[in-house]
Peer 1: 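What follows is a single structure, and I will ask about it in a moment.
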Amino acid sequence: MPFIPHTDEDIRRMLAEVGVDSINSLFDEVPSDLIDPGLPGIPEGVSEMEITREMNERAASDMLGPCFLGAGAYRHHVPAAVWEITTRGEYYSAYTPYQAEASQGTLQLIYEYQSMMSGLMGMDASNASLYDGGSALAEAVLMAVRANRKSKSGRILVPDTVNPMYCDATRTIVGNQGITLETVASNAETGAVDVETLEQWEGEDIAALVIQQPNWFGRLEEAQALTDWAQRNGALVIAVVNPTAMAVLTPPGEWGENGADIACGEGQPLGIPLSSGGPYFGFMCCRKAHVRQMPGRIVGRTVDLEGRTGYTLTLQAREQHIRRNKATSNICTNQGLMVTAATIYLSLLGAEGLERVAGHCHANTRKLTERLAGIKGVSLRFDGPYFHERVVELDRPAEPVFQQLASQGILAGYPLGRHDKRLSNALLVCATETVTDADIDRFADALSHALAKAA
Amino acid sequence: MPFIPHTDEDIRRMLAEVGVDSINSLFDEVPSDLIDPGLPGIPEGVSEMEITREMNERAASDMLGPCFLGAGAYRHHVPAAVWEITTRGEYYSAYTPYQAEASQGTLQLIYEYQSMMSGLMGMDASNASLYDGGSALAEAVLMAVRANRKSKSGRILVPDTVNPMYCDATRTIVGNQGITLETVASNAETGAVDVETLEQWEGEDIAALVIQQPNWFGRLEEAQALTDWAQRNGALVIAVVNPTAMAVLTPPGEWGENGADIACGEGQPLGIPLSSGGPYFGFMCCRKAHVRQMPGRIVGRTVDLEGRTGYTLTLQAREQHIRRNKATSNICTNQGLMVTAATIYLSLLGAEGLERVAGHCHANTRKLTERLAGIKGVSLRFDGPYFHERVVELDRPAEPVFQQLASQGILAGYPLGRHDKRLSNALLVCATETVTDADIDRFADALSHALAKAA
Amino acid sequence: MSQESLIFDLGRSGRYARAQAPAEHADLADIPAEFRRKQRAVMPEVSELQVVRHYTRLSQKNFSIDTNFYPLGSCTMKYNPRACNSLAMLPGFLDRHPHAPDSTGQGFLGCLYNLQEMLAEVTGMKTVSLAPMAGAQGEFAGVAMIRAYHDARGDDGRTEIIVPDAAHGTNPATAVMCGYKVREIPTAADGDVDMAALQEAVGPQTAGIMLTNPSTVGVFERRIQEIATLVHEAGGLLYYDGANLNAILGKVRPGDMGFDVIHINLHKTFSTPHGGGGPGAGAIGVGERLLPHTPIPQVGEDNGQYYWRTEKDIPQTIGRLSAFGGNAGVLLRAYVYARMLGREGMTRVAEYSTLNANYLMTRLKAEGFQVWLPERRASHEFIISLKGEAKELGVTAGDFAKRLLDLGYHAPTAYFPLLVPECLLIEPTETETVDDLDGFVQAMVTIREEARHDKEFVKGAPYNMPVRRLDEVKAAKELDLKWQGEAS
Amino acid sequence: MSQESLIFDLGRSGRYARAQAPAEHADLADIPAEFRRKQRAVMPEVSELQVVRHYTRLSQKNFSIDTNFYPLGSCTMKYNPRACNSLAMLPGFLDRHPHAPDSTGQGFLGCLYNLQEMLAEVTGMKTVSLAPMAGAQGEFAGVAMIRAYHDARGDDGRTEIIVPDAAHGTNPATAVMCGYKVREIPTAADGDVDMAALQEAVGPQTAGIMLTNPSTVGVFERRIQEIATLVHEAGGLLYYDGANLNAILGKVRPGDMGFDVIHINLHKTFSTPHGGGGPGAGAIGVGERLLPHTPIPQVGEDNGQYYWRTEKDIPQTIGRLSAFGGNAGVLLRAYVYARMLGREGMTRVAEYSTLNANYLMTRLKAEGFQVWLPERRASHEFIISLKGEAKELGVTAGDFAKRLLDLGYHAPTAYFPLLVPECLLIEPTETETVDDLDGFVQAMVTIREEARHDKEFVKGAPYNMPVRRLDEVKAAKELDLKWQGEAS
Ligand SMILES: Cc1ncc(COP(=O)(O)O)c(C=O)c1O
Ligand SMILES: Cc1ncc(COP(=O)(O)O)c(C=O)c1O
């Protein structure tokens, strides 16, 4: 019985106090034909020593190597301090800070997180996390539909330059509430949305326009003009952004004349390990006017009985545990520990450090793609400004090349044909600050080699 | 300037306050020909990201595999909780607990450690660590010479069954103080000391006898009889013991009629990773009568101004910071964090768990050596009871076989010929609780294979 | 404990942790100015030591399982084994990119596959998907599958989900997110569902029912088989809210009770940490009827090779719930935990969490506290109502809760479920010792004594926490949600 | 903060952390009964959660760099970068057996080799050995080498080691361990060594001199070159106690000053943690004269392969100091730190630790505190004497120290060096911000104010710690060194 502290003597004493003669008697209200399934499929328990050995072997079997894959998750340097502090028992093993007086550590940290995220996004307010970037977009769509009181249509414009996995998740989540996502086609030459394309919706009842910056192809959208168009047409603007990029790019709060209404995205780049896809966290910020429509926990600063500063969950009347079927969302448990890590990460980097990291991501991607473009059989696709991802086009289907390079320990980018047949020769590549010149050489050499053979 | 928080503005303000115009002026008392050596041999600083990559690569290059090596350091399972707690900043980054009121965490923990170690050894008192097992023996010898007021000779009897590295370290450390170590030859058949051998010293002025249990060859010494002989002859008894073994073997406090006087040894088996040899910790326990001769920190329980229980360093008048050239030892910084780990380890295991671990070490070693003995060209050497190490004799020099198996990822034991030419065909092998049947198979197969070829 | 400045107030313009960023700025000139940020973001400007010190100190202001008994009902605050953390954080697991090919993640995928299998066995369901990121997302997936099931059959008159009044808030909120109306039914005086009300509520408009069993009032729903038959016969499906699975782990299986879909809060029953709010994992178990609609991705196995199953494999899936495959790191922790428990260990979780709850309930009852449903067995949790104390002594459940903090105990869940006045929902879990339970009883008795002598004293609690009671009204009215640059 | 029971008092007979031990007992019957333990050892009998909770809670009762400003003179309590810890604890490093062949430890040995090289460069010495496990063991090795040197030359009339009165206690204690008599010389009024006294002390009986420079009174010994010549001409050698190397790192090299051997406290200057008492590492740098006597083992390099050098390579070595090769894990931490600093970073350690000390000294002086040696530059530390306060207000250095704890500052080193009455030796280190220094000044001023108003209040401090002042006399007289089975 690992983790159960009871001695035989304890058990005797406890049963006597309860007035039963066996533990099984405690289950006497359960219909007896349901009791004790036996569980032949569950193996015997093992000691910590044994599982440690197993996990070490399993972890060792998972390949590591240079990583040019992004497509929604990015390998960044995570300072050691981040997780050494985040996994302290007081953060790691605490519950949601409902008892404010006994949770000032987590609460103040979240307040600081909200301040940093608001600052990075140039927005008025932030919540304290959603599940991930994909589901955050879904929540943003639901929120926009609630917040846009003038719109009754439930129509959301979503460019085809938005991460397709985000669109899938959003469709799953909002699909049952009469909301429709309408696709905005991007310019096939530039890989970004032309404002002119939106003119077909001019004057229509649109609840919101989604703008991803940098977009799925790594390209920078004309966020200013798109935002102005949407707001002129009564639509809210939902920004989906990469937080690292926001150290150097115009933040959503400054898009167009009034700024985006909601900013959301994937928080993983802020100190969260890749970890095969999770746990990450979705972030969400908004303008003051919309804060009561925002889902998720929000912490406010206030004072205690003696006038001292303190922090507490606030605006709980938005949430399911108070408002039940009228809540802004069903979210309860969020990704709090990831927010803890991100807060420590952002504190360590500061605006200065994050700007340097972002700068090196961009510069490394430039270096990488210039190098790749020099390889026979490789060309760059989609012209125009980018942040830290770009599309390279091969002279043959990308998927087999991707698999081949992976078997050599190189993650060669994301094969875009998985979502769009027209792009089946394309790889979306990324080089963060962790990539060295030697890594780039290794990739370029392996790719040249792979393409040297006839397709 | 990593880790230096000063901004340019801070520096200006601080220099102005001090009344100098540059930092260099702060060094104006240093002879100018000594200033600024330039340091061409020190490389440029690197970021945490860069050193992380380097260290990951270096660590990966250090081979892991089944380990049948002991000889003073043992691979045991270390519960995850041990180091997750030990590396908490409050333990990790604190100083020696001189300010008792601000160090009750460390102080209470040490008091608990002292209690556990005393219990395990069956002794009256424990200090809060020495550097390692080898230097602990040196300190024990110095202590015995001080404590044995009746003896003036400085003669110490050391059987050749004591770890030779411990003897080397002891010679280095006590060699300048007129102390001599005299070797007691063990029985070449049994690999243990016969009490009769000691008769040649009967009636002589001997300060102390050292007894290692289990001894260097893994064999159990007749500790009872040896202790009685020594004490009858006016010598103190210094026990050098393996703490894991003490869960199942007679502890030094119960040796002979009166128990050993001093018990010391290597604390590494108690939750400390192998880590290429350190940091480990030396432990030392003694009888009440000798406690004022014991080197190192000691914590006592007392009360505060309000009568509440509290803990503090005590008997500091033994130590160098008070007694200077009259101190019991020059030791100052010890191995405190390792004691923290060992305390958590012992708390998790308890007497019950430690007994199970010890039992499996013994049983695995039995299984291993019976298996090896079945291989052509291998025989067992030294007959008699053992704990978790045994000597196996090959039909050829052991050192090349050891190197060959190491290149296959197997640490095949310790080649005893390194210290005694007569044992150059012998390997000291060990199988702790971490060894699986599959590991034993792998070792046995590799060894059979190696010995199948003509020597 | 002294107050801790905001991290912003510790900063100085130009300071940052220099070891953590590249030594030089990179050239960004090729990004046109109109895309570039004009002003630096408001961020802390602090040194690495300042960060470490600040967040270490802040952490000490939290209660947590690692520091306090935490009998928070419905939340299963039990020991989070440290090995689960350290093994899930092995570099091989942490550094793997989610889009890396399956061939390079066999270690990780194998763990998930085995976890799916174990969860299917222990819940009695046909298959398990680990995609949902928390209980509420598991609920969403489950109810969405119920909807997909009816839709697939063209059975489109089903507009209602039945939810007991004791249900957790996520249940009705989820039903609404799936486009359903919520039909609430009362709890009977004996703690079970009011069968008459249920009979009346069930009908052709019923898409399904969401139940927790044991329910959130802490007792086992004795007529569960009857309920299952009733709902199934009406064409509805049964959703099991697995937040309370700890009470029956290895003893009783939701699949055997007749449920069609369930979610498991791995951050409760499988002891992954709550992390001050998350992340969790809301794995769902799927029965025969809903198999075709299982969310993606899910781990499959083929000839010893593990791979991600996608819409290609499950064409009628409700789809994906997030960008990637779920909270992988949380799942690894649950896997390690499940393996350490093994078959026997799982059963014992139910046994000892139940023993602890019944013991604590008996002791509190003996001390004169009013147990709700005193005639019933407690499951892994139970309710006391402080209505009597509130009336006689003027001291509420909330007051008890705050004063418990002073005495070193995290407060139980207060005022939930909504139907019991002045309630505390108490869940001691199996990992606490009998001495800690006794200590808690003593604390409750002490507080009642204190209230008898000086009610205002109790109402003023806590006293020993970093702050006294907070002004929540001010917090909600004068919204202060971020640092605005002033010194605090 | 509530009192924490002893771990023993939390236990119950038969309890232990079951995940941590084999499920079955093994058969020990082949070990004869006379060798077997009769009675189980007295040990805690607790669950894993109890252990985690107990030691987590205890930890919170400590001050540490990670939680508090810690200006402990002579101890260099600066930030211990967390990366040094996490990288030294990579599994490849942790699991390597010390007797494993060099060929399987090239990663580890390479780090040590590079560390030796960097330390040799930064100290100006010929070679470095990493074997000593702390400063005091480094001192031992150094003085033992001095002895070996004289012995090797048959120069056996040298019986004395000269040690200034300001020296750390380990210096005289070490000299005695090496079989020498200690000759103490006074510090002159200007803080430097009293040259006349030194001249008188030096002679044919002089084996060597042990100096700290900057000295423990916090100033640079200006006549160091003169001293070196004097001692060398008399046939003695110079030992450099490197505990204060932080003050001159990269700025001045002991080798250039004329020292023959030095130890470096890596747990000070190279920021490895103090761990509540250790482990440290006392690497020694060796000059030309002592090269043949370097302790073993030491890492060598041959054609890109690293290996352990033993007595075969250094036949005149003083020998080994421990069973293995030194505190390897500490050395890895120092290596990571040194690499992050690099050439420039090292120099800046000296510059900013000196700036911080001089700033703090200036500020305290301005507030009216009596700086010892006010005419001198502070090195990385300095002394204030509270003799005046003791006389006028009746409040001692020790009282200030205790009251500082209440205000959140670890006390500076008090009553060391012995020659300055009522002294506090203050070392702020380079990793603290100017705001923290200002805060410390403010605290000192506050305490003096408090003492003016109510001396007893200050003498009663601390008030906000887990305990008030402890009865040290009782502790030493009624020795209570272990739990005896009673409830505490
Ligand atoms: C009964 C019950 N159902 C559902 C949930 C929701 O789970 P989660 O918080 O993981 O979304 C909870 C947990 O808070 C719960 O207690
Ligand atoms: C000046 C001085 N010398 C020597 C030492 C001894 O070093 P260690 O404690 O590492 O043995 C110290 C540290 O306490 C010191 O401050």
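Labels below follow one simple rule: chain letters A, B, ... track the order of the sequence lines, proteins then strands, and each chain is numbered from 1.
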Peer 1: Check whether C:Met133 gets within reach of chain A through its side chain, its backbone, both or neither, counting any heavy atom under 4.5 Å.
Peer 2: both
Peer 1: Quickly, which of A:Leu15, A:Ile4, A:Val20 forms a side-chain contact (heavy atoms from CB on, under 4.5 Å) with C:Leu355? Name it, please.
Peer 2: A:Leu15
Peer 1: Does any heavy atom of chain A fall under 4.5 Å from the side chain of C:Pro462, the backbone, both, or neither of them?
Peer 2: side chain
Peer 1: Side chain, backbone, both or neither: which part of C:Glu117 has an atom under 4.5 Å from a heavy atom of chain A?
Peer 2: neither
Peer 1: Does C:Arg40 pair with A:Glu352 as a salt bridge, N-O distance under 4.0 Å?
Peer 2: yes
Peer 1: Side chain, backbone, both or neither: which part of A:Asn163 has a heavy atom under 4.5 Å from chain C?
Peer 2: neither
Peer 1: Test ring pair (Phe, Tyr, Trp, His ring centres under 6.0 Å) on A:His6 and C:Tyr352 and set out the steps.
Peer 2: CA-CA 8 Å; A:His6 299 64; C:Tyr352 291 92; 5.2 Å; yes
Peer 1: With only heavy atoms counted, which part of A:Leu142 is less than 4.5 Å from chain C, the side chain, the backbone, both or neither?
Peer 2: side chain
Peer 1: Assess whether atom CD of C:Glu344 is packed by more than 12 heavy atoms of other residues, nucleotides or ligands within 6.0 Å.
Peer 2: no
Peer 1: Less than 3.5 Å apart, any donor N or O on the side chain of C:His54 or A:Glu112 sitting next to an acceptor on the other?
Peer 2: yes
Peer 1: Among side-chain atoms of A:Glu355 and C:Tyr16, is any donor-acceptor pair under 3.5 angstrom?
Peer 2: no
Peer 1: What part of C:Ala100 lies closer than 4.5 angstrom to a heavy atom of chain A: side chain, backbone, both or neither?
Peer 2: both
Peer 1: Please classify the contact of A:Ile173 with chain C as side chain, backbone, both or neither, using a heavy-atom distance under 4.5 Å.
Peer 2: both
Peer 1: Heavy-atom distance under 4.5 Å to chain C: side chain of A:Gln224, backbone, both or neither?
Peer 2: side chain
Peer 1: I'd like to check the side-chain contact (heavy atoms from CB on, under 4.5 Å) partners of A:Ala73; sequence neighbours left out, ordered by chain and number.
Peer 2: A:Gln268, A:Leu274, A:Tyr280, C:His97, C:Pro98, C:Phe324
Peer 1: Consider only side-chain N and O atoms of A:Thr106 and C:Asn62, and report whether a donor and an acceptor are under 3.5 Å apart.
Peer 2: yes
Peer 1: Pick one of side chain, backbone, both or neither for A:Ala247, based on which atoms fall under 4.5 Å of a heavy atom in chain C.
Peer 2: backbone
Peer 1: Which region of A:Ile23, side chain (C-beta onward) or backbone (N, CA, C, O), has a non-hydrogen atom less than 4.5 Å from a non-hydrogen atom of chain C, or is it both or neither?
Peer 2: side chain
Peer 1: Whether C:Lys251 engages the ring of A:Phe27 as a cation-pi pair (distance to the six-membered ring centre under 6.0 angstrom, angle to the ring normal within 45°) should be assessed.
Peer 2: yes
Peer 1: Using non-hydrogen atoms only, which part of A:Leu26 is less than 4.5 Å away from chain C: side chain, backbone, both, or neither?
Peer 2: both
Peer 1: In this structure, are over 12 heavy atoms from other groups packed under 6.0 Å from A:Glu306 atom CD?
Peer 2: yes
Peer 1: Answer yes when A:Glu17 and A:Arg13 have at least one side-chain N-carboxylate O distance shorter than 4.0 Å, and no when they do not.
Peer 2: no
Peer 1: Considering only heavy atoms, which portion of A:His360 lies under 4.5 Å from any heavy atom of chain C: side chain, backbone, both, or neither?
Peer 2: both
Peer 1: Which region of C:Gln137, side chain (C-beta onward) or backbone (N, CA, C, O), has a non-hydrogen atom less than 4.5 Å from a non-hydrogen atom of chain A, or is it both or neither?
Peer 2: both
Peer 1: Of the backbone (N, CA, C, O) and the side chain (C-beta and beyond), which part of A:Arg297 lies under 4.5 Å from a heavy atom of chain C, both, or neither?
Peer 2: neither
Peer 1: Heavy-atom distance under 4.5 Å to chain C: side chain of A:Val339, backbone, both or neither?
Peer 2: neither
Peer 1: Quick one: salt bridge (charged side-chain N to carboxylate O under 4.0 Å, His left out) partners of A:Glu433, sequence neighbours excluded?
Peer 2: none
Peer 1: Chain C heavy atoms under 4.5 Å from A:Ala71: which part of the residue, side chain, backbone, both or neither?
Peer 2: both
Peer 1: At a 4.5 Å cut-off on heavy atoms, which part of A:Tyr95 comes close to chain C: side chain, backbone, both, or neither?
Peer 2: both
Peer 1: Less than 4.5 Å to any heavy atom of chain A: does that hold for the side chain of C:Leu481, its backbone, both, or neither?
Peer 2: both
Peer 1: Using heavy-atom distances under 4.5 Å, tell me whether A:Gln403 contacts chain C through its side chain, its backbone, both, or neither.
Peer 2: side chain
Peer 1: Please flag which part of A:Thr314 lies under 4.5 Å from any non-hydrogen atom of chain C: side chain, backbone, both or neither.
Peer 2: side chain
Peer 1: Is C:Arg376 close to chain A through its backbone or its side chain, or both, or neither, when contacts mean heavy atoms under 4.5 Å?
Peer 2: both
Peer 1: Could you look at C:Tyr79 and say if it's the side chain, the backbone, both or neither that has a heavy atom under 4.5 Å from chain A?
Peer 2: side chain
Peer 1: Can you tell me which portion of C:Leu321 sits under 4.5 Å from chain A's heavy atoms? Options are side chain, backbone, both or neither.
Peer 2: both
